[in-house]
Amino acid sequence: MKILVLNCGSSSIKYQVFALPEGTVIAKGLVQKLGEPGASIRQSSGRGDVTVTEVMPDHTAGLKKALELLTTGDGAPLASVRDLGAIGHRVVHGGERFTETVLVDDEVLAEIERHNELAPLHNPPNLVGIRIAREVLPGVPNVAVFDTAFHQTMPKTAYLYAIPQSLYREAQIRRYGFHGTSHRYVAARTAELLGKPASETNLITCHLGNGTSICAIEGGRSVDTSMGLTPLEGLVMGTRAGDFDPAIIFHLERVRKMDTKALDDLFNKKSGLLGVSGKSNDVRELLALREKGDADAALAIELFTYRLKKYIGAYLAVLDGRCDAVVFTAGIGENSPVIREESVRGLERLGVALDRDKNASVIGREANVSASGSATQILVVPTNEEKLIAMDTYALTRA
Ligand code: ADP
């Protein structure tokens with residue numbers, strides 16, 4: 001079965017076509033700047049790369065163009081759109097209602113819409129993706145895979161904030177966690193690599209991309225994660241602050257007369273690695289600057305690895321010290337040996353010991369980089385959220 005995986009952003013569509021059950025990628029593409037001058041689509045497949053720049057006023061136009069590129073010309077990845085057996089959508093926020101992947105019907109659409117308030121930037125474009133897929137490809141089943149679903153197994157002690165419970169009951173204010181598809185994929189793959197059933201595997205998974213989050217996994221289930229009501233909480237990120245004293249907000253309102261929009265921007269878009277270094281949100285660039293003696297870049301990286309190490313220590317405690325592996329994934333986790341090394345430095349006495357040479361040689365591939373005798377293994381496992389979305393979609397629709 002051929003499955004189209006869609007990830008719709010406010011002005012973009014990321015897509016991949018998979019062949020299931022093999023799990024191979026037939027084509028992938030990115031539509032950018034929808035509704036803006038200079039809208040473009042780039043697609044790669046077995047016949048090479050194609051880039052087209054043309055007016056695409058909205059997501060419908062973008063999806064139609066993607067389908068056209070997928071089905072026309074010599075060696076087109078698909079003979080016809082009728083080859084598509086199902087469509088899998090990434091949806092950021094499923095609240096408490098969605099604890100797993102679901103087939104989309106009118107009721108599900110309405111429920112997702114009800115969660116828009118919890119993720120005002122992300123859910124609306126995800127919904128647009130589902131709506132236009134139903135319109136452009138009538139009769140093809142749609143499946144929604146939620147970033148929050150994996151974390152719905154967290155206990156109350158991990159997901160409640162210590163604020164009046166009425167805010168939870170009446171306004172759904174609690175920790176939800178994100179990157180669930182990535183943590184779930186990496187956890188399942190790590191269990192395979194360790195040769196243990198997922199249900200008997202305890203892990204700490206570190207998703208380190210532009211957004212970063214860490215997850216404590218007990219018996220294959222998420223029991224704590226660092227992101228909260230929104231993706232702002234937790235680790236230091238490219239442009240997000242992660243944990244900070246919320247009273248800084250009241251202080252800035254009083255002293256600097258900042259409004260909600262300015263504060264939102266400050267902590268989500270101008271903080272993190274970018275804010276501390278004043279130079280870049282990109283770890284590669286910061287590492288290069290640090291090499292040249294840039295103290296601000298060095299400090300930003302130090303804050304990043306210190307926060308991560310602190311959370312790894314906390315999650316070892318959450319797991320009562322019974323942790324099979326600490327796992328690194330996403331852009332930074334997969335590709336930066338030095339960030340991995342600095343994040344676990346000093347944890348040897350807690351049973352987490354890295355083999356420096358092994359670690360240094362691992363970039364962008366699966367590997368065990370722990371020192372021999374380390375009670376807790378350290379692994380690098382590249383994530384693949386799209387593949388998991390395709391697999392879930394296949395599992396739900398092949399019947
Ligand atoms: P996204 O969250 O946008 O999917 P990615 O998972 O692609 O992000 O991760 C992006 C981050 O990965 C950037 O900070 C980038 O600097 C970092 N990164 C990618 N390759 C390397 C590398 N070789 N060394 C260090 N960091 C890297």
Side-chain angles (χ1 to χ4, degrees), residues 7 9-12 14 30 32-33 36 38 40 42 92 121-122 147 178-179 182 186 205-214 226-228 230-245 248-249 252 256 258 261-312 327-345 354 356 359-365 369 380 382-383 385:
N7 181 354
S10 57
S11 64
S12 69
K14 270 193 212 153
L30 175 65
Q32 278 173 303
K33 297 196 177 172
E36 294 172 40
S40 69
R42 197 185 65 229
V92 167
L121 294 182
H122 295 103
D147 263 19
F178 298 87
H179 291 146
S182 177
V186 165
T205 49
C206 310
H207 177 106
L208 311 178
N210 272 312
T212 55
S213 71
I214 178 167
S226 55
M227 284 179 165
T230 77
L232 178 56
E233 193 181 343
L235 301 175
V236 174
M237 315 189 201
T239 63
R240 294 187 202 124
D243 298 335
F244 66 96
D245 180 349
I248 294 173
I249 292 175
L252 289 175
R256 294 250 184 129
M258 289 176 79
K261 166 84 179 64
L263 288 160
D264 192 321
D265 245 42
L266 173 63
F267 295 117
N268 275 302
K269 298 195 181 139
K270 296 180 183 157
S271 294
L273 294 170
L274 176 65
V276 177
S277 69
K279 281 160 191 144
S280 175
N281 63 329
D282 189 309
V283 166
R284 268 168 306 197
E285 284 173 29
L286 293 173
L287 288 169
L289 285 167
R290 182 172 78 167
E291 280 291 303
K292 291 189 205 137
D294 187 301
D296 296 325
L299 182 63
I301 289 175
E302 210 177 333
L303 256 72
F304 182 95
T305 53
Y306 172 75
R307 179 86 53 87
L308 178 55
K309 177 177 164 181
K310 190 158 100 170
Y311 263 95
I312 293 172
V327 192
F328 288 93
T329 195
I332 303 166
E334 293 164 22
N335 298 305
S336 180
V338 61
I339 296 284
R340 294 193 296 260
E341 182 181 334
E342 291 174 19
S343 305
V344 297
R345 188 176 285 160
L354 187 83
R356 288 188 63 192
N359 179 55
S361 70
V362 175
I363 293 176
R365 63 183 171 89
V369 295
V380 179
T383 192
E385 292 161 272

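Values in this document were obtained by computation on a predicted structure and should not be read as measured data.
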Sequence neighbours left out, what passes side chain to side chain donor-acceptor pair (under 3.5 Å) with Thr205? Give chain and number order.
His183
I'd like to check Leu308 versus Leu208 (side-chain heavy atoms, cut-off strictly below 4.5 Å). Are they in contact?
yes
State which residues pass salt bridge (Lys or Arg N to Asp or Glu O under 4.0 Å) with Arg345; sequence neighbours excluded, sorted by chain then number.
Glu341
If you take all heavy atoms of Leu273 and Ala300, which pair is closest and at what distance?
CD2-O, 3.5 Å
By side chain to side chain donor-acceptor pair (under 3.5 Å) - contacts of Asp265 (at least two apart):
Lys261
Could you give the distance from OG1 (Thr212) to CD1 (Ile339), rounded to the nearest 0.5 Å?
11.0 Å
Pairs meeting criterion side chain to side chain donor-acceptor pair (under 3.5 Å) with involvement of residues 328-340, two or more places apart
Thr329-Glu334, Arg340-Asn359
Kindly compute the distance separating CD1 (Ile301) from CD1 (Ile332), expressed to the nearest 0.5 Å.
9.0 Å
Go through Phe328 and Val369 one step at a time and tell me if the side chain to side chain contact (heavy atoms under 4.5 Å, CB included) criterion holds.
CA-CA 10 Å; Phe328 288 93; Val369 295; 5.8 Å; no
For Ala360, give me all partners under side-chain contact (heavy atoms from CB on, under 4.5 Å), at least two apart in sequence or on another chain.
none
Would you find more than 12 non-hydrogen atoms of other residues, nucleotides or ligands less than 6.0 Å from Arg356 atom CZ?
no
Out of the candidates Val186, Val380, Ile214, only one should pair with Val327 under the side-chain contact (heavy atoms from CB on, under 4.5 Å) rule; please name it.
Val186
Residues at least two apart in sequence or cross-chain that pass ring-ring contact (aromatic ring centres under 6.0 Å, His included) with Tyr311, listed by chain then number, are Tyr315
Taking side chain to side chain donor-acceptor pair (under 3.5 Å) as the cut-off, I'd like each qualifying pair that reaches into residues 282-294, sequence neighbours left out, listed once.
Lys279-Asp294, Ser280-Glu285, Asp282-Arg284, Arg290-Glu342
Once you round to the nearest 0.5 Å, how far does NZ of Lys33 lie from OG of Ser11?
9.0 Å
Could you tell me which residues satisfy side-chain contact (heavy atoms from CB on, under 4.5 Å) with Met227, sequence neighbours excluded, listed by chain and number?
Phe178, His179, Ser213, Pro231, Met237, Arg240
Rounded to the nearest 0.5 Å, what separates atom CG in Leu232 from atom CZ in Phe244?
5.5 Å
How about CD on Glu36, more than 12 heavy atoms from neighbouring residues, nucleotides or ligands closer than 6.0 Å, or not?
yes
For Glu385, all residues meeting salt bridge (Lys or Arg N to Asp or Glu O under 4.0 Å), sequence neighbours excluded
none
Is the backbone of Gly234 close enough, under 3.5 Å, to the side chain of Asp243 for a donor and an acceptor to pair up by distance?
yes
Above 12 or not: heavy atoms from other molecules or residues under 6.0 Å from NZ of Lys309?
yes
Report yes if the side chains of Ile248 and Phe267 come closer than 4.5 Å at any heavy-atom pair, otherwise no.
yes
Pair listing, side chain to side chain donor-acceptor pair (under 3.5 Å) test, anchored in residues 267-277, at least two apart:
Asp264-Asn268
Tell me, do Val362 and Pro337 make a side-chain contact under 4.5 Å, heavy atoms counted?
no
Thr383: partners by side chain to side chain donor-acceptor pair (under 3.5 Å), with sequence neighbours left out:
Ser182
What ring pair (Phe, Tyr, Trp, His ring centres under 6.0 Å) pairs are there with at least one residue in residues 279-301, not counting sequence neighbours?
none
What is the minimum heavy-atom distance between Ser343 and Ile312, and which atoms define it?
O-CD1, 4.1 Å
Checking side chain to side chain contact (heavy atoms under 4.5 Å, CB included) for the pair Leu266/Leu252: CA distance, chi angles, key distance, verdict?
CA-CA 11 Å; Leu266 173 63; Leu252 289 175; 3.7 Å; yes
Quick one, Leu286 with Phe304, criterion side chain to side chain contact (heavy atoms under 4.5 Å, CB included). Give me CA distance, side-chain angles, the key distance, then yes/no.
CA-CA 11 Å; Leu286 293 173; Phe304 182 95; over 6 Å; no
